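Keep in mind that the numbers below use all heavy atoms, side chains included, and drop hydrogens, waters and symmetry copies. Quick caveat, the model's predicted, so the values are computed rather than measured. Each chain gets a letter, A, B and so on, in the order the sequences are listed, and its residues count up from 1.
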There are 2 protein chains.
Amino acid sequence: MTTLTQNAVLTTAPWQDRVKDKQLRILADVPPQFIHPELKFSDTEANDVLDLPVFSESNPARVMDFPEKYFTKDELAITAMKAEVIPPAILAGTWTAVQVLDAFTHRAVIAHQLLHCCLSFVYPQARAQAEALDVELAKTGKLVGPLHGVPLSVKDQCRIKGTETTCGYVTHLGEWDEEDCLLVDILKKAGAVAFCKTTLSVGCMWGESINNIVGRASNPHNRAFTCGGSSGGEGALIGFGGSPLGVGSDLGGSIRTPSAYNGLHGLRPSSSRIPYFKVLNSMEGQEIIPSVVGPMARSTKSLQLFVKAVVDSQSWKRDPKCPPIPWREEVAEDIRSRPLRVSFLHYDNHVLPQPPIRKALRQLEALLRKAGHDVVPMFTEALDQKRADQFGSDVCTADADEDVQHSRDLSGEPKLPLLPAKGPGALPPQPMTLRESWAFAMDRMEYQASVLKAWEETSAVTKSGEPIDAYITAVNPSVAHIHGEFGKVRYKGYCATANVLDFAACTLPVGKVDVASNPPDNSLTEDADGNTIPSPQCDRDQWIRENYTRNLKEYQSMPLVLQIVAKRWEEEKVLAVSEVVEALVKKEGGL
Amino acid sequence: MTTLTQNAVLTTAPWQDRVKDKQLRILADVPPQFIHPELKFSDTEANDVLDLPVFSESNPARVMDFPEKYFTKDELAITAMKAEVIPPAILAGTWTAVQVLDAFTHRAVIAHQLLHCCLSFVYPQARAQAEALDVELAKTGKLVGPLHGVPLSVKDQCRIKGTETTCGYVTHLGEWDEEDCLLVDILKKAGAVAFCKTTLSVGCMWGESINNIVGRASNPHNRAFTCGGSSGGEGALIGFGGSPLGVGSDLGGSIRTPSAYNGLHGLRPSSSRIPYFKVLNSMEGQEIIPSVVGPMARSTKSLQLFVKAVVDSQSWKRDPKCPPIPWREEVAEDIRSRPLRVSFLHYDNHVLPQPPIRKALRQLEALLRKAGHDVVPMFTEALDQKRADQFGSDVCTADADEDVQHSRDLSGEPKLPLLPAKGPGALPPQPMTLRESWAFAMDRMEYQASVLKAWEETSAVTKSGEPIDAYITAVNPSVAHIHGEFGKVRYKGYCATANVLDFAACTLPVGKVDVASNPPDNSLTEDADGNTIPSPQCDRDQWIRENYTRNLKEYQSMPLVLQIVAKRWEEEKVLAVSEVVEALVKKEGGL
């Protein structure tokens with residue numbers, strides 16, 4: 001199938017021309033009635049990709065509510081549905097797959113106009129698929145699979161036949177995928193309708209979504225904030241309601257950071273539980289701490305639906321890296337049937353979370369205790385998040401940026417001046433040697449083993465004599481951060497720990513920031529209640545605290561999201577814990 | 001516990017002195033009545049580690065039978081037991097754990113005197129453990145675990161508290177392990193009695209077992225032959241009857257080659273199905289094609305017993321690399337309950353197996369067909385063993401020998417001139433860069449995926465419409481090879497394919513070479529029956545064929561062993577297929 005979008009300018013053209021052409025092509029294939037030319041990303045045209053967007057009364061920074069007038073009542077009802085509600089609603093005849101696709105496409109187009117969150121729409125292909133689903137249902141009376149008619153957005157690493165997959169690099173514009181990546185193929189066969197590809201940080205290497213193709217992407221809750229990264233396009237799109245289910249990837253928090261910043265549920269699965277086969281990436285073949293793909297959505301149930309559908313396809317028959325671990329419903333049932341055993345990591349002794357996160361963790365701990373769950377002390381020292389942060393940085397800079405630079409050089413696109421010249425996260429002068437990388441792998445395994453040991457030893461302090469199911473902590477020390485600040489607030493400890501340990505970790509939205517009940521700290525050593533707090537351990541620690549104080553008004557109503565972490569291969573368990581905690585928080589009306 | 005063996009000369013002494021001292025210490029702790037000074041490895045003292053052993057009428061090359069006079073009737077009965085028979089025999093009161101240990105220790109000491117197959121005996125420790133097992137059984141009437149009283153030998157990579165673990169390097173002499181490696185710990189807790197550590201090729205990097213500590217190790221079936229490597233000490237020891245169960249490791253055939261050469265059952269499990277944690281190795285941290293640990297024994301049932309005991313311990317709670325895949329008896333039961341679906345790889349289009357192996361494969365295929373099993377054509381081209389052989393060589397030389405050289409340099413021991421200067425297996429001039437290693441990992445994954453695809457596609461040709469369970473092939477193109485010939489006959493294709501694909505593969509002894517019924521080929525293009533055979537594709541191919549012709553008499557009665565290969569993580573399946581085929585072959589009285 002050839003569509004309008006395939007008429008790209010020659011791949012030999014100057015990179016600026018290729019980008020201009022691409023920007024025109026992003027919405028070229030969607031029905032024109034879904035496009036509203038008056039909606040703008042910023043009041044000013046960006047001269048430079050790093051320019052900050054500018055807002056005004058007619059084009060406000062906060063866009064979660066105002067675009068409602070652009071939608072019909074049906075479109076609002078459809079786009080309010082969580083992924084798990086869609087197949088039953090289609091089966092019941094409430095909506096057709098085509099109606100569902102159209103409503104989400106319309107909303108996604110508006111999301112893109114406001115937030116620059118998309119890189120491709122594949123409407124003709126998606127429409128044909130949705131029509132076929134409707135025909136099939138009419139003929140058989142049955143859904144084709146567990147995701148029948150669920151619109152699916154994917155980070156622009158996931159190949160979809162007939163699209164360009166850029167990974168944020170200009171060089172891949174005009175290169176057309178000849179096949180779906182395995183994950184997209186599995187999800188389509190389960191009935192999902194892949195309709196949109198989302199923006200990301202160039203090469204997936206940064207916690208804000210910036211590239212030379214669409215520039216910055218913004219956060220729908222407040223466009224002064226980044227939507228996070230590297231799967232930030234998914235975060236912004238799903239956060240705005242433009243997609244019920246998306247695929248992100250995570251090497252050091254790239255699913256969980258945008259999930260947190262945009263108020264979503266996101267799962268960082270253990271490596272290869274979800275197949276990465278034929279998904280494009282930077283530093284491909286780097287396997288010491290592998291990047292993983294996982295779902296982002298609006299409920300724990302959506303994440304469960306996704307993982308179960310993928311695992312049930314027996315992906316290990318096609319992706320050589322996937323282990324044959326079936327979906328284990330009995331693990332989830334066990335969790336639902338008894339008190340949870342959990343620990344809380346309020347502070348990792350290195351970087352202190354901002355006041356609303358600290359308070360939410362305290363409240364949730366009290367809530368769990370009250371409900372009869374078994375909360376035991378956290379093995380903070382053994383977890384050693386500072387060490388995990390260092391591992392995470394070292395793996396991201398293992399090749400001294402050679403691979404990223406190579407991909408940039410292919411098109412001549414310029415380097416984005418994001419990385420600090422020195423200090424945490426700065427590039428080393430040269431790549432690791434092979435033997436250094438082996439020593440690194442051994443260090444990492446020793447670290448993993450020491451944490452496993454500490455985890456098992458929690459059996460000494462739980463009531464049942466079994467180890468904890470999970471620990472609960474911040475996703476990042478910042479609730480979110482304003483465009484351009486990532487370099488200063490970047491501390492991956494809370495996220496990267498799960499990557500280094502290859503643990504299953506998911507995010508759980510628990511409410512929104514209310515600055516009145518979450519005042520800033522009195523000082524760097526005293527919180528708003530007059531309690532002593534640890535003094536900052538590093539520049540980042542201080543910046544993160546001061547950011548909240550300095551931008552208090554901007555933080556109003558930003559999503560408040562926590563993280564739940566279980567061990568390796570425990571996707572069923574971490575999601576079941578999330579389900580139980582989510583229900584408790586919901587009963588309480590949020591934290 | 002301090003034993004005699006701990007009084008090593010200073011680690012700062014010249015390497016020759018450390019080696020002489022070690023050689024004296026190997027048998028220092030075993031009861032003196034188990035040592036027979038008249039038994040000799042060779043008629044001549046070796047001046048150089050590479051000198052070939054010399055035999056005579058009073059010290060013949062074939063030693064499988066003649067040492068029987070050294071044993072009591074009870075010792076002969078005990079050391080004839082397979083591993084799985086031992087715990088029930090102890091439970092029934094036929095033997096005590098101490099009797100079993102003593103009989104195997106006596107036989108292992110003789111094996112070492114004749115074959116130079118051991119590096120440490122840990123008799124005092126093992127004796128204390130066996131005594132404790134006997135006390136426990138007397139007290140409770142129950143076995144402590146599934147391996148109660150089974151003597152266990154381990155390749156000298158596996159740490160046992162209080163021993164030196166050398167990995168074949170002089171530098172580690174005098175370094176005493178402070179704890180057991182995880183696998184030894186698990187096996188001991190299951191009741192196994194670790195009594196002996198076996199020799200190996202220096203750094204596990206060679207298909208003959210040669211190092212500067214005990215020199216060459218020989219094959220008990222004919223000491224003119226090597227016992228293979230790198231787990232050759234295990235091969236020789238178990239082959240001689242000196243141990244019922246051993247642990248080897250396999251990066252390119254290091255379990256299967258000595259299993260084949262010594263007539264044993266050996267399993268190359270998928271990586272991390274059996275925990276490697278705290279097992280010493282060369283090139284530690286190299287994870288693209290990982291080395292694996294696995295069992296070597298005298299029956300398929302022994303291998304099953306070992307794997308089930310280890311997996312049932314939930315090793316994933318302690319080794320961060322192990323996936324939580326429990327022992328799946330239902331997979332084995334399925335295999336036992338229906339016709340097998342198998343293919344035969346008679347020839348990989350690159351190196352032709354020697355005549356006895358070709359004939360055994362043909363006979364086994366006919367036998368399986370006759371018994372109603374579903375034999376379908378092999379996907380020889382997609383399996384592409386030549387490519388696997390290249391991957392295997394590339395990974396072994398990835399660091400251009402830097403790690404091995406570093407370990408040698410620590411003691412000053414000389415390099416053994418084993419590797420060819422050029423051609424297959426020769427060292428590259430410099431190590432892979434990190435990015436080259438990533439590209440290598442991607443190539444390897446593409447290869448894995450292409451084979452998975454071909455495997456799944458066999459469903460089109462089987463009777464049931466399901467893919468094959470396993471394929472059956474040679475372990476190596478040579479039945480075995482004479483000391484010092486490895487450099488010329490080294491073709492890892494048949495073995496390394498399973499390593500590169502991370503497939504579960506086991507060996508199956510099917511008989512012994514009878515040169516009368518297995519005459520050499522008439523020429524390089526015609527076999528003994530006058531059938532055309534493919535002409536040699538490379539020097540190795542020609543050497544391997546000519547070796548059989550040239551040394552026909554020496555090959556008489558050498559073990560004939562085949563290989564069964566199932567997919568990744570299919571240990572239960574490959575062992576169940578082996579069980580079914582083993583029973584068929586046994587019914588036939590061998591091939």
Side-chain angles (χ1 to χ4, degrees), chain A residues 182 270 272-273 276-278 281 283-288 290 314 316-326 328 331 398-400 402-403 406 430-453 455-456 467 500-503 567-570, chain B residues 182 270 272-273 275-278 281 283-288 290 314 316-326 328 331 398-400 402-403 406 430-453 455-456 467 501-503 567-570:
Chain A
L182 177 56
S270 310
S272 298
R273 190 80 200 269
Y276 215 105
F277 192 64
K278 299 276 183 193
N281 197 6
M283 298 168 67
E284 290 190 323
Q286 184 287 106
E287 296 182 347
I288 298 175
Q314 301 192 301
W316 49 87
K317 290 186 174 170
R318 298 166 74 193
D319 183 335
K321 293 211 172 302
C322 294
I325 305 176
R328 295 159 300 183
V331 173
D399 72 342
E402 278 187 4
D403 184 78
H406 172 76
Q430 57 211 13
M432 276 187 200
T433 65
L434 186 60
R435 286 184 70 214
E436 283 167 351
S437 81
W438 294 348
F440 179 81
M442 291 304 286
D443 272 359
R444 181 239 185 181
M445 189 174 61
E446 288 293 330
Y447 171 62
Q448 289 179 292
S450 67
V451 175
L452 273 191
K453 189 162 175 281
W455 192 298
E456 286 299 310
V500 178
L501 297 169
D502 203 11
F503 279 2
K567 286 192 300 178
R568 193 174 188 197
W569 313 115
E570 295 189 338
Chain B
L182 177 55
S270 311
S272 297
R273 190 80 199 270
Y276 215 105
F277 192 61
K278 300 277 184 191
N281 197 5
M283 298 169 67
E284 291 190 322
Q286 185 286 106
E287 296 182 348
I288 298 176
Q314 302 193 301
W316 50 86
K317 290 186 175 171
R318 300 166 74 192
D319 183 335
K321 294 214 173 299
C322 294
I325 305 176
R328 296 160 300 185
V331 173
D399 73 342
E402 279 188 3
D403 185 78
H406 171 75
Q430 57 211 13
M432 276 187 198
T433 65
L434 186 60
R435 285 184 71 214
E436 284 167 349
S437 81
W438 293 348
F440 179 80
M442 292 304 286
D443 273 357
R444 182 238 183 181
M445 188 173 62
E446 289 294 332
Y447 171 62
Q448 288 179 293
S450 67
V451 174
L452 274 190
K453 188 162 175 283
W455 192 296
E456 285 301 309
L501 298 169
D502 203 10
F503 279 1
K567 286 193 300 178
R568 194 176 187 196
W569 313 115
E570 295 188 337

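Residue with the most contacts toward chain A among B:P323, B:P324, B:A439: B:P324 (heavy-atom pairs, distance under 4.5 Å). Of the residues considered (B:S437, B:A398, B:S270), B:A398 shows the highest number of contacts with chain A, using heavy-atom pairs under 4.5 Å. Looking only at heavy-atom pairs under 4.5 Å with chain B, the residue among A:D443, A:I325, A:D403 that has the most is A:D403. Of all the listed residues (B:R444, B:E436, B:E287), the one sharing the greatest number of non-hydrogen pairs under 4.5 Å with chain A is B:E287. Put simply, of A:K317, A:K278, A:K567, A:M432, the one with the most heavy-atom pairs under 4.5 Å next to chain B is A:K317. Per-residue heavy-atom pair counts under 4.5 Å with chain B were compared for A:Q448, A:K453, A:M445, A:R435, and the maximum is reached by A:R435.
Taking CG from B:N281 and CE from A:M442, the interatomic distance works out to 8.5 Å, rounded to the nearest 0.5 Å. Between the CD1 atom of B:I288 and the CD1 atom of A:I288 there is a distance of 9.0 Å, given to the nearest 0.5 Å. Here NZ of B:K321 is found 6.5 Å from CZ of A:R568. Values are rounded to the nearest 0.5 Å.
When all heavy atoms of B:P320 and A:A449 are compared, the closest pair comes out as CG-N, 3.8 Å. Pairing each heavy atom of B:G285 with each of A:A441, the nearest pair is O-CB, 3.6 Å.
By the ring-ring contact (aromatic ring centres under 6.0 Å, His included) test, A:Y276 pairs with no residue at all, sequence neighbours left out.
At a 4.5 Å heavy-atom cutoff, the contact between A:R328 and chain B is made by side-chain atoms alone. At a 4.5 Å heavy-atom cutoff, the contact between A:E456 and chain B is made by side-chain atoms alone. Residue contact with chain B, scored on non-hydrogen atoms closer than 4.5 Å, involves the side chain of A:F277 exclusively. Only the backbone of A:W316 comes within contact range of chain B, judged by heavy atoms closer than 4.5 Å. Heavy atoms closer than 4.5 Å to chain B are found nowhere in A:P431, neither backbone nor side chain.
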Derivation and outcome, side chain to side chain contact (heavy atoms under 4.5 Å, CB included), residues B:M283 and A:W438: CA-CA 7 Å; B:M283 298 169 67; A:W438 294 348; 3.5 Å; yes
Derivation and outcome, side chain to side chain contact (heavy atoms under 4.5 Å, CB included), residues B:R318 and A:L452: CA-CA 6 Å; B:R318 300 166 74 192; A:L452 273 191; 5.7 Å; no
